[in-house]
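In what follows, a structure is listed as structure tokens, so that the remarks can point back to it.
Both backbone and side-chain heavy atoms feed into the values below; hydrogens, waters and symmetry mates do not. Proteins come first, then strands; the chains are lettered A, B, ... in the order of their sequence lines, and each starts at number 1. As the structure is a prediction and not an experimental result, all values here were calculated from the model.
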Amino acid sequence: MTTREKLKRMYDLLEAAFGPQHWWPGETAFEVMVGAVLTQNTNWKNVEKAIGNLKSRGLLSPEKLHAMRVGEVASLIRPAGYYNVKAKRLKNLVDWLVDEFGGDVERMSAAGLAELREKLLAVRGVGRETGDSILLYAARKPTFVVDTYTYRVLLRHALIDESAEYDEIKEMFESDLPAEVELYGEFHALLVRVGKTYCRKIPRCEECPLDVTFEDGARPVRDI
DNA sequence: GACCAGGCACATC
DNA sequence: GATGTGCATGGT
């Protein structure tokens, strides 16, 4: 089986097992951007609480956040953890959005993928995963998102080795799949879903819908 | 009480 | 370029 065939098979099995994931959770593209920063190394449930704090006070907008002090933001996003760091990162992102695009996510999304990615990654606090999440799920650009779950699932199925890096993994998906926003978004969401549930400990891994996918694929030899 | 969760920047070598 | 460290809450 080629890598391309394995990825296709993986997608088909995940889709059959779990169905549409309706990602990214969030009512607006701006909320997606905020969530992308707040979920860094953090459980999504905690992020929901933090976003809820902003939303219930009517502060979940570029204009409102732009006008707030970092300290105020920090106190509201506490449940998301790393709140001092994330308050700065969120402000950096919002200030950038206001400066570059007048706080208009639609205008931001009109920019070209390569150019926009470069600009996003220049914002302090926006790394590759956060940037790609914003590009894919907020700006609707066909760019693949790699996260710890992606890494784990691929490692489990011997599509990468332990030393594989972000860009290498991203490139693997993008060179083997058609550049479609819906496909990329759904695939990534499904990888998170399966990774969360089955991919951590060997006993669960063996119940995974992907476990029998590849005749030449590695069975797990240890916990990740 | 330990471990984990949809990273990132920065220091140091 | 590779490796180590700080950041923090809330659920299991």
Side-chain angles (χ1 to χ4, degrees), chain A residues 10 14 18 20-27 29 31-54 70-96 117-139 143-156 160-170 173 181 184-205 208 210 222-224:
Chain A
M10 185 176 274
L14 289 173
F18 301 116
Q21 298 299 297
H22 308 294
W23 262 37
W24 181 293
E27 293 177 8
E31 186 174 332
V32 171
M33 296 177 70
V34 173
V37 171
L38 295 185
T39 199
Q40 289 170 1
N41 204 38
T42 299
N43 190 302
W44 182 255
K45 282 286 177 194
N46 291 11
V47 176
E48 285 182 327
K49 293 187 175 90
I51 289 179
N53 285 343
L54 295 172
V70 183
E72 298 178 71
V73 177
S75 67
L76 290 169
I77 65 169
R78 265 187 73 105
Y82 305 137
Y83 52 85
N84 288 312
V85 173
K86 286 178 180 175
K88 286 198 193 83
R89 292 178 180 176
L90 187 52
K91 282 283 284 178
N92 289 345
L93 179 62
V94 168
D95 293 349
W96 169 82
R117 186 168 197 266
E118 196 176 326
K119 286 184 175 179
L120 264 173
L121 293 184
V123 177
R124 288 335 234 164
V126 177
R128 289 175 296 188
E129 182 188 336
T130 304
D132 283 330
S133 297
I134 291 170
L135 286 165
L136 178 61
Y137 293 108
T143 195
F144 207 90
V145 180
V146 177
D147 62 9
T148 55
Y149 294 122
T150 314
Y151 176 83
R152 272 184 205 153
V153 175
L154 264 53
L155 184 60
R156 280 287 196 218
I160 57 172
D161 62 63
E162 286 186 3
S163 66
E165 292 188 7
Y166 189 98
D167 292 322
E168 184 184 339
I169 299 172
K170 176 184 175 65
F173 283 96
V181 172
Y184 283 6
E186 186 64 11
F187 205 161
H188 176 245
L190 286 164
L191 288 167
V192 172
R193 174 68 183 273
V194 75
K196 263 183 185 168
T197 315
Y198 298 104
C199 211
R200 202 150 169 79
K201 298 281 184 183
I202 285 173
R204 296 308 306 274
C205 190
C208 174
L210 292 181
R222 58 179 175 73
D223 294 343
I224 297 175

Checklist entry - Is V146(A) touching bases, backbone alone, or none of the nucleic acid, heavy atoms closer than 4.0 Å? => result nothing

Checklist entry - Starting at CG of N92(A) and ending at P of dC8(B), how long is that distance when rounded to a whole Å? => result 14 Å

Next on the checklist: With heavy-atom distances below 4.5 Å as the criterion, would you say the side chains of K88(A) and K91(A) are in contact?
Outcome noted: no

Item to check | Test item: W23(A) and L136(A) side chains (from C-beta on) under 4.5 Å apart, heavy atoms | outcome: no

Checklist entry - Who are the side-chain contact (heavy atoms from CB on, under 4.5 Å) partners of R117(A), not counting sequence neighbours? => result L121(A), R128(A), D132(A), L135(A), T143(A), Y166(A), D167(A), K170(A)

Next on the checklist: Under the rule for ring pair (Phe, Tyr, Trp, His ring centres under 6.0 Å), what residues qualify as partners of Y184(A), not counting sequence neighbours?
Outcome noted: F144(A)

Next on the checklist: So, using side-chain contact (heavy atoms from CB on, under 4.5 Å) as the criterion, who are the partners of K196(A) when residues are at least two apart?
Outcome noted: Y149(A), V192(A)

Item to check | With sequence neighbours excluded, residues passing side-chain contact (heavy atoms from CB on, under 4.5 Å) with T130(A) | outcome: A36(A), V37(A), Q40(A), V126(A), I134(A)

Please enumerate all protein N or O atoms sitting under 3.5 Å from an N or O of nucleotides 10-12 of chain B, with distances to 0.1 Å.
residue	atom	partner	partner atom	Å
dC10(B)	OP2	R124(A)	NH2	2.7

Checklist entry - E31(A): what forms a salt bridge (Lys or Arg N to Asp or Glu O under 4.0 Å) with it, not counting sequence neighbours? => result K55(A)

Checklist outcome for this item: E186(A) meets the salt bridge (Lys or Arg N to Asp or Glu O under 4.0 Å) criterion, sequence neighbours left out, with none

Under-3.5 Å N/O pairs linking protein and nucleotides 8-12 of chain C:
residue	atom	partner	partner atom	Å
dA8(C)	OP1	Y82(A)	O	3.4
dA8(C)	OP1	Y83(A)	N	3.2
dA8(C)	OP1	N84(A)	N	2.6
dA8(C)	OP1	V85(A)	N	3.2
dA8(C)	OP2	N84(A)	ND2	3.4
dA8(C)	O4'	Y82(A)	N	2.8
dA8(C)	N6	Y82(A)	OH	2.2
dA8(C)	N1	Y82(A)	OH	3.4
dT9(C)	OP1	R78(A)	NH2	3.3
dT9(C)	O2	N46(A)	ND2	2.9
dG10(C)	O4'	N46(A)	OD1	3.4
dG10(C)	O4'	N46(A)	ND2	3.1
dG11(C)	OP1	K49(A)	NZ	3.1

Item to check | DNA chain C contacts among residues 189-197 of chain A, heavy-atom distance under 4.0 Å | outcome: none

Next on the checklist: Under 4.0 Å, heavy atoms only, any strand: does V145(A) hit a base, just the sugar-phosphate, or nothing?
Outcome noted: nothing

Checklist entry - When the distance from CG of L121(A) to P of dC8(B) is rounded to whole Å, what number comes out? => result 9 Å

Checklist entry - In chain order, what residues pass the salt bridge (Lys or Arg N to Asp or Glu O under 4.0 Å) check against K119(A), with sequence neighbours excluded? => result E100(A), E115(A)

Next on the checklist: Strictly below 4.0 Å: does T148(A) bring a side-chain N or O up to OP1 or OP2 of dA5(B)?
Outcome noted: no

Checklist entry - CD of E162(A) versus P of dA2(C): gap in Å, rounded? => result 15 Å

Checklist entry - What residues form a side-chain hydrogen bond (donor to acceptor under 3.5 Å, both in side chains) with S133(A), not counting sequence neighbours? => result none

Checklist entry - Just checking R89(A): base, sugar-phosphate only, or nothing, at a heavy-atom cut-off of under 4.0 Å? => result base

Checklist entry - Listed by chain and number, what are the side-chain contact (heavy atoms from CB on, under 4.5 Å) partners of Y83(A), not counting sequence neighbours? => result A74(A), I77(A), R78(A)

Checklist entry - For E165(A), which contact category applies under a 4.0 Å heavy-atom criterion: base, sugar-phosphate, or nothing? => result sugar-phosphate

Next on the checklist: Give me the distance, rounded to whole Å, that separates dC8(B) from dG10(C) when you measure between the P atoms they each carry.
Outcome noted: 22 Å

